[in-house]
Structure formats: structure tokens, C-alpha cells
Enquirer: 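My questions will all concern the structure given below.
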2 protein chains.
Amino acid sequence: MARKTGSHSQITGPRIRDAALRLFAWHGYAAVSMRQIAAEVGVQAGALYLYTPDKQTLLFELMRGHMEELLAAWQAVRKGDGPLAQLEAFARFHIRFHLDRPDAVFIAYMELRNLQPENFARVEALRRAYEDELEAILRDGAAAEVMRVPDTKLATMALIAMLTGVNTWYREGGRLSRERVERIYWNMVRRAVGA
Amino acid sequence: MARKTGSHSQITGPRIRDAALRLFAWHGYAAVSMRQIAAEVGVQAGALYLYTPDKQTLLFELMRGHMEELLAAWQAVRKGDGPLAQLEAFARFHIRFHLDRPDAVFIAYMELRNLQPENFARVEALRRAYEDELEAILRDGAAAEVMRVPDTKLATMALIAMLTGVNTWYREGGRLSRERVERIYWNMVRRAVGA
DNA sequence: GGCATATCTGAACGCGCGTTCAATTCCAAG
DNA sequence: CTTGGAATTGAACGCGCGTTCAGATATGCC
């Protein structure tokens with residue numbers, strides 16, 4: 001049950017996004033009602049419509065925000081010189097970024113089918129842009145003959161799937177530290193591309 | 001629109017499962033109504049309840065059926081001798097099996113959260129049993145010093161994620177044949193475990 | 001204190017949901 | 001042709017959905 005005080009706050013917008021992110025990730029977009037989101041924020045359902053035109057846009061903005069954060073964060077990474085250093089930077093960045101935002105990652109992968117076609121296309125474009133970053137590294141590595149990748153597109157998809165998979169099993173405070181996880185994954189990635 | 005003839009058929013049960021599988025995979029369990037499934041089969045919604053006690057059980061039976069097929073199919077595979085041959089058998093089997101059943105695979109990974117706790121536990125147990133098959137191979141390989149895997153559990157999750165990822169991008173009749181995809185993935189798997 | 005404005009409530013709208021069940025239709029066996 | 005049982009219909013049930021909006025409430029400024 002949510003709070004009952006009538007005090008107004010200036011931060012309802014972010015609180016709605018947080019609640020929606022958490023609820024969508026746990027129960028799925030289609031299974032979560034606007035009333036549930038509102039209850040989590042401590043507000044009536046109607047109030048949500050001061051901050052979003054509809055439920056679909058709420059989902060889309062969460063996914064767009066996540067993908068743009070992802071791209072911006074990768075652009076900001078110091079990447080080092082040479083394809084191998086860049087591949088290591090990518091692998092470690094990907095794991096770290098994804099472990100920091102399990103809910104947003106979950107939504108970005110699971111709720112694509114609940115986006116209207118136009119919104120879907122925009123999110124997909126952002127995802128492809130991210131994949132292209134990795135593929136460029138692999139192409140450079142293959143050209144410089146420091147990696148053996150018979151098909152860069154396939155290798156891109158394989159490596160991203162492997163790295164993203166860490167979110168399905170890693171639990172904070174578990175058997176392995178983040179640094180150890182990063183190191184082991186990086187070694188598997190390096191070997192997988194024959195470097 | 002479905003057919004309107006009143007002729008009874010003895011195969012309504014399987015047709016319901018087929019329709020539910022396809023619809024759940026495309027739109028998600030929560031977003032698909034019993035009336036939509038019924039329409040796909042060419043029947044009224046009430047008729048579904050001659051074949052399933054409720055919607056939740058319909059989902060559960062689809063997932064349980066898929067996981068049991070997966071385990072049975074793997075048991076039936078000729079695996080060859082030695083950890084490396086078995087790892088190759090596993091990688092190739094996993095890709096083949098998953099590419100043959102994209103809808104069931106999608107459901108098995110995406111609709112776990114829509115299972116009631118008891119049903120979830122049963123499906124999870126089956127999934128763990130499958131993962132254990134791979135982990136046993138990796139442990140044997142590490143013990144025989146033909147593989148280098150610092151953590152078998154992590155490697156298991158990483159490899160399964162990588163292999164399952166093929167379903168997200170592979171399209172029949174595309175640029176790469178199944179055999180070529182299998183071969184490239186197997187090479188990445190082999191290298192990833194340092195063999 | 002009074003007022004403008006941003007924020008929120010609470011009720012309502014039409015709709016589709018999962019599920020039930022009496023009545024009907026169909027098929028096969030005698 | 002009749003009959004018994006399986007298969008299916010079609011209407012109904014209570015409920016919660018996304019969304020709207022007139023009215024109430026709180027806040028910051030004069």
C-alpha cells in the first residue's frame with residue numbers, strides 16, 4: 001500500500017519511470033497495469049497521464065533512454081590502442097554496464113515485441129548501432145590478423161549473446177567477484193576470436 | 001477468420017497447443033487471450049476448457065513439453081568418445097535443436113516469469129538438468145586437461161547463452177547455411193574453452 | 001490573505017478478459 | 001432410425017483494463 005498524504009512533489013516523473021522500470025522488468029509490460037505503477041508511486045492512475053501520454057510511450061521512453069545511455073557510455077570509454085585492447089575494453093564495459101542495470105537490460109531484450117512498429121524500429125536502430133561498434137573492432141582485428149573470425153556478423157552476435165548472458169546468473173555478493181567474472185569472460189572472448 | 005463448419009475433429013487438442021505456441025511466442029503470454037487462441041483454432045473460447053483446465057496450465061504444459069523433448073533428444077544423441085567430441089556433439093545438437101523450434105525456445109526463455117511458483121520450479125529443474133549435462137562435459141575436459149575452464153559453472157552459462165543466441169539472428173535461407181553456422185560456432189566454443 | 005497555476009483525485013467510460021454452464025449439435029454404435 | 005455420449009456453442013458472470021476529465025487541493029508569488 002502506498003502513502004496517503006496529499007503532499008505534492010516535484011519528482012513524480014522520475015519516480016514513475018523507476019516504478020515502471022522495476023514492474024515491467026519483473027512482471028512484463030502486458031501484465032503490469034497503470035494502476036499498479038501509480039500505486040507504487042503513491043498516486044492515482046490518472047496522475048500518470050500528466051507525465052506520459054500513454055502506457056506505450058512510457059515503455060518506449062524507458063527503452064530508448066537505456067539504449068542511448070548504453071551508446072553514450074561506450075563512447076565515453078577509454079579504449080586503448082589496437083583491436084585487442086579495444087575488444088577487451090568492450091567486453092569489460094559490456095559486462096559492467098549490464099550488471100549495473102539488470103532491470104533496464106531485461107526490458108530492452110524482452111519487451112521489444114510490445115513496441116509499436118515505429119518505436120520498435122527506433123530501438124532496433126540503436127541496438128544495431130551498438131552491435132556495429134563491436135563488429136568494427138572484429139573487422140579491424142581480422143584485417144590486422146590478430147583475430148581469426150570467419151564471419152564478423154556471426155561473431156558479433158555470438159559474443160554479445162555470451163556477454164549479455166551474465167545477467168541471467170550473476171548475483172551480487174555471490175561466489176565470484178565482478179572483476180573475476182570480467183576477467184574470465186574476457187579470456188573466453190579473446191580465445192573465441194582466436195587471439 | 002476461422003472456419004465456420006460445425007464438423008467435429010479429433011485433433012483439436014494438438015491444434016490448440018500449436019496455436020498457443022505460436023501466439024505466445026509472437027505476442028507474449030499475457031498479451032494473448034483465450035479468445036484469440038480459440039479463433040486461431042476455429043472454435044469458441046469455451047471449447048478450450050475441454051482440453052486445458054486454464055490458461056496457466058496451457059503455458060506450463062508447453063514449456064514442460066519443450067524441456068522434456070530437449071532432454072530426451074540430447075539423451076538420444078550419439079556423443080562420441082572423450083570430452084572434446086562430446087562438447088562438439090553438444091554444441092551442434094544445441095544449435096540444431098533450437099533452430100528447429102524457435103517459438104518453443106522463445107517461450108521457454110521469455111515466459112518463465114508468467115509461471116506460478118510451483119510450475120516455475122519444475123521448469124527450472126529441467127533447465128538445470130540440461131545445463132548440468134554441459135557442465136559435466138566441461139568438468140571432464142578440465143580434469144583430463146584438454147580444456148582450460150577456470151570456472152565450469154560460469155563457462156556453462158556463457159556457452160549456452162552464446163549457442164542459444166543463434167536463434168535471435170539466424171533466418172532460414174539466409175547468408176549462412178546451418179552446417180556453416182554450426183561449424184563456426186563449434187570453433188568458437190572449442191577455442192573459448194582453450195581446446 | 002488572495003490568487004494563479006501546477007498537481008492530483010475519484011468517478012466514470014466502454015471494453016475485453018478468464019472462466020462457467022445449460023443447451024445444442026454431431027457422430028458412431030446398435 | 002434411434003440413442004447415448006462426446007464435442008461445441010453462445011451467452012453470461014464479475015472484474016480489471018487504459019484513458020479521460022471535472023473538480024478538489026496544494027504551492028509559490030503578490
Side-chain angles (χ1 to χ4, degrees), chain A residues 1-24 26-63 107 111 113-116 118-119, chain B residues 1-24 26-63 107 111 113-116 118-119:
Chain A
M1 194 49 59
R3 71 207 181 93
K4 286 250 163 87
T5 90
S7 76
H8 291 185
S9 92
Q10 310 94 309
I11 53 154
T12 305
R15 301 228 295 141
I16 290 172
R17 284 194 290 278
D18 286 358
L21 191 74
R22 196 169 51 250
L23 288 170
F24 288 167
W26 277 67
H27 308 293
Y29 171 77
V32 171
S33 73
M34 294 300 267
R35 284 170 178 84
Q36 285 172 56
I37 298 168
E40 199 82 357
V41 177
V43 111
Q44 294 299 314
L48 301 183
Y49 291 84
L50 295 169
Y51 301 93
T52 184
D54 49 40
K55 191 188 177 191
Q56 162 78 200
T57 303
L58 184 52
L59 173 64
F60 169 64
E61 288 299 337
L62 288 176
M63 296 178 68
I107 290 175
E111 304 294 357
R113 61 182 167 191
N114 288 308
L115 290 176
Q116 290 161 0
E118 186 202 318
N119 293 339
Chain B
M1 191 51 62
R3 71 209 181 93
K4 286 249 163 87
T5 91
S7 76
H8 292 186
S9 91
Q10 310 93 310
I11 53 155
T12 305
R15 300 227 297 140
I16 290 172
R17 284 194 290 278
D18 285 359
L21 190 75
R22 196 169 51 249
L23 289 170
F24 288 166
W26 278 67
H27 308 293
Y29 172 78
V32 171
S33 73
M34 293 300 267
R35 283 171 179 82
Q36 285 172 58
I37 298 169
E40 198 81 357
V41 177
V43 114
Q44 294 298 315
L48 302 183
Y49 291 84
L50 295 167
Y51 302 91
T52 185
D54 50 41
K55 192 187 178 192
Q56 162 78 201
T57 303
L58 184 52
L59 173 63
F60 170 63
E61 289 299 337
L62 288 176
M63 297 179 68
I107 290 176
E111 303 295 357
R113 61 184 168 191
N114 288 307
L115 289 176
Q116 290 162 359
E118 187 202 318
N119 292 340

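Since this is a predicted model, take the numbers as computed values, not measurements. Reminder, nothing fancy here: chain letters follow the sequence lines and each chain counts from 1.
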Enquirer: Figure out the CG/C1' separation between N114(B) and dG18(C), and round it to whole Å.
Expert: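 Nearest whole value for this atom pair: 15 Å.
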Enquirer: Please identify each residue that fulfils side chain to side chain donor-acceptor pair (under 3.5 Å) with R113(A), with sequence neighbours left out.
Expert: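 R113(A) satisfies side chain to side chain donor-acceptor pair (under 3.5 Å) with E111(B) only.
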Enquirer: Both A47(B) and M34(B) contact DNA chain C. Which one's nearest nucleotide lies toward the 5' end?
Expert: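 Whichever sits nearer the 5' end wins; that is M34(B).
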Enquirer: Measure from the side-chain heavy atoms of Y49(A) and tell me the nearest of dT19(D), dG10(C), dG18(C).
Expert: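 Of the candidates, dT19(D) comes closest.
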Enquirer: With rounding to the nearest 0.5 Å, note down the distance linking CD1 in I11(A) to CG in D18(A).
Expert: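 Answer rounded to 0.5 Å: 9.0 Å.
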Enquirer: Dump every N/O contact between nucleotides 11-16 of chain D and the protein below 3.5 Å, one line per pair.
Expert:
unit_1: dA12(D); atom_1: N6; unit_2: R35(B); atom_2: NH2; d: 3.3

Enquirer: Nearest-Å distance, CD1 (I16(A)) to P (dT19(D))?
Expert: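 Taking CD1 of I16(A) and P of dT19(D), I get 13 Å after rounding.
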Enquirer: Could you check which of dT19(D), dT9(D), dA7(D) has an atom nearest any side-chain atom of L50(B)?
Expert: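 Per side-chain heavy atoms of L50(B), the pick is dA7(D).
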Enquirer: Using whole Å, report how far CD of Q44(A) lies from P of dA22(D).
Expert: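 Result: 18 Å.
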Enquirer: With a 4.0 Å limit, can you tell me whether Y51(A) has a side-chain N or O closer than that to the phosphate oxygens OP1/OP2 of dC8(C)?
Expert: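 Yes.
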Enquirer: Taking CD1 from I37(B) and P from dT19(C), how many angstroms apart are they, rounded to a whole number?
Expert: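 Interatomic distance, CD1 of I37(B) to P of dT19(C): 10 Å.
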Enquirer: Return the set of residues passing side chain to side chain contact (heavy atoms under 4.5 Å, CB included) with A19(B) (not counting sequence neighbours), or none when no residue passes.
Expert: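 Expected list: R22(B), I37(B), E40(B), V41(B).
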Enquirer: For Q44(B), give me all partners under side chain to side chain donor-acceptor pair (under 3.5 Å), at least two apart in sequence or on another chain.
Expert: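 With neighbours one apart ignored, the set is empty.
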Enquirer: Is T12(A) close enough to dT7(C) that one of its side-chain N or O atoms is under 4.0 Å from OP1 or OP2 there?
Expert: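 No.
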Enquirer: Does Q116(B) have any side chain to side chain contact (heavy atoms under 4.5 Å, CB included) partners at least two apart in sequence or in another chain, and if so, which?
Expert: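 Listed in chain order: Q56(B), N119(B).
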Enquirer: Rounded to whole Å, how long is the line connecting atom CG of L48(B) with atom P of dC17(C)?
Expert: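 Rounding to the nearest Å, CG of L48(B) and P of dC17(C) are 12 Å apart.
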Enquirer: Residues two or more places apart in sequence or in another chain: which of them pass salt bridge (charged side-chain N to carboxylate O under 4.0 Å, His left out) with R35(B)?
Expert: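 By the salt bridge (charged side-chain N to carboxylate O under 4.0 Å, His left out) rule, R35(B) matches no residue at all.
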